[in-house]
> 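Here's a structure for you.
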Number of protein chains: 2
Amino acid sequence: MTHSPVPASATPKLEEQLCFAVYLAGHAFNRMYRTVLADLGLTYPQYLVMLVLWECDGLSVKAVGERLMLDSGTLTPLLKRLEAAGLIRRERSRQDERQVRLHLTQAGEALREKSRCVPEAMGAAIAQSPEEIGHLAAQLKALREALLNAAADKS
Amino acid sequence: MTHSPVPASATPKLEEQLCFAVYLAGHAFNRMYRTVLADLGLTYPQYLVMLVLWECDGLSVKAVGERLMLDSGTLTPLLKRLEAAGLIRRERSRQDERQVRLHLTQAGEALREKSRCVPEAMGAAIAQSPEEIGHLAAQLKALREALLNAAADKS
DNA sequence: GACAATTATATTGTGCGCTATCTAATTGGA
DNA sequence: TCCAATTAGATAGCGCACAATATAATTGTC
């Protein structure tokens, strides 16, 4: 990358570079995940949903959304596609009919085995030590919290 | 964040945590930028395009795309909306009629002044030292390069 | 018990990012 | 010079993320 859209001259612009770096890193992860998840027939957000359900089947849409920080506007169509792909079954809860419970199908459960290669492929792609990875993740978490706090203050 | 969709137990899963952290940080930046850029009437990707053109007016779609790592599938509709908003003018190049040149309008140029508050607002939200910011950005850049290299190898 | 307030999910609308494809223009090689 | 190969940008299709809104169900208060 020879040029960045943000001038590197003045200190106040440094945070713009950080945002752009996050933006581009996200795109790069998407690119990589598309390749790695192609065999599973999943997109990354779908994979995240499956991860959550593999860990705890039968969660409500709300619970999954809380885990992934996604709202129903994003989740409902995504879940419909997972259902259409035969991986999950959506079921209105008897106890509280506002809720929809998400259940893995047999095909959905079986896909877990196939997904074991995903973190390994990602690890090979990233090619950094666990310390570096953990530290970077922690920094991004702190960054996210700072941003969400600031955004909440502004609204 | 009490739970993550990726189990924190095994080391090979650490990179999934990193990816999720990038994913969530990107969302948080989006949230923040939506607030900060509301007065300008721009989305973040539109803002990036304006940053590039403020720095160098008259670039081709391709040149802008190279700066932002975006292709014409993303850019063309985005540029059309900027044109519709009266901020830019798209003009077919006489020298090479395949090219479209992007020119700022007066309104587009005038918006630059208004945009000066953006990096300051972002800086206040991030609330970290320039050293920390710079280091994090450099790490993300390295991460991105590693991912893109690995994705290229896989295809 | 009645009803306002709240909650859960679905839907609508918009913008984005990417792959695949297309059209027109330009370049490169014979 | 001619034409195949390449390039630039547009378009189509799909999935995602989010704000706003709607509908139905549940909760909380009087």
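Please read these numbers as outputs of a predicted model, since none were measured by experiment. Proteins come first, then strands; the chains are lettered A, B, ... in the order of their sequence lines, and each starts at number 1.
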> In this structure, how many angstroms lie between the P atom of D:dC16 and the CG atom of A:Leu68, rounded?
12 Å

> Could you list the residues that satisfy side chain to side chain contact (heavy atoms under 4.5 Å, CB included) with B:Thr43, not counting sequence neighbours?
B:Pro45, B:Gln46

> Write down the distance between CG (A:Leu79) and P (D:dA17), rounded to a whole number of angstrom.
12 Å

> Does a side-chain N-to-carboxylate-O contact under 4.0 Å join B:Glu55 and B:Arg67?
yes

> Using a strict threshold of under 4.0 Å (side-chain N to carboxylate O), is an ion pair present between A:Glu91 and A:Arg89?
yes

> How would nucleotides 16-28 of chain C be written as a contact map, 5' to 3', with B for base contact, S for sugar-phosphate-only contact and - for no contact, using protein heavy atoms under 4.0 Å?
SBBB-----BS--

> Distance check needed: D:dT6 P versus B:Gln99 CD, whole Å only.
19 Å

> Whole Å only: how far is the NZ atom of A:Lys62 from the C1' atom of D:dA25?
14 Å

> Run through A:Leu102, A:Leu82, A:Val49 and flag the one making a side chain to side chain contact (heavy atoms under 4.5 Å, CB included) with A:Leu75.
A:Val49

> Salt-bridged, A:Glu113 to A:Arg116, with N to O below 4.0 Å?
yes

> Donor-acceptor check, side chain of B:Glu132 to backbone of B:Ser129, threshold 3.5 angstrom: yes or no?
yes

> Can you check the B:Tyr33 OH to C:dG15 P distance for me, whole Å?
20 Å

> Using whole Å, report how far CG of A:Leu82 lies from C1' of D:dC16.
13 Å

> Report yes if a side-chain nitrogen or oxygen of A:Lys80 is closer than 4.0 Å to either non-bridging phosphate oxygen (OP1 or OP2) of C:dT11; otherwise report no.
yes

> Can you tell me the distance, in whole Å, between the CG atom of B:Leu75 and the C1' atom of D:dA10?
12 Å

> Quick one: B:Leu24 CG to D:dA17 P, roughly how many Å, whole number?
10 Å

> What contact category does A:Arg90 fall into here, base, sugar-phosphate, or nothing, at under 4.0 angstrom with non-hydrogen atoms?
sugar-phosphate

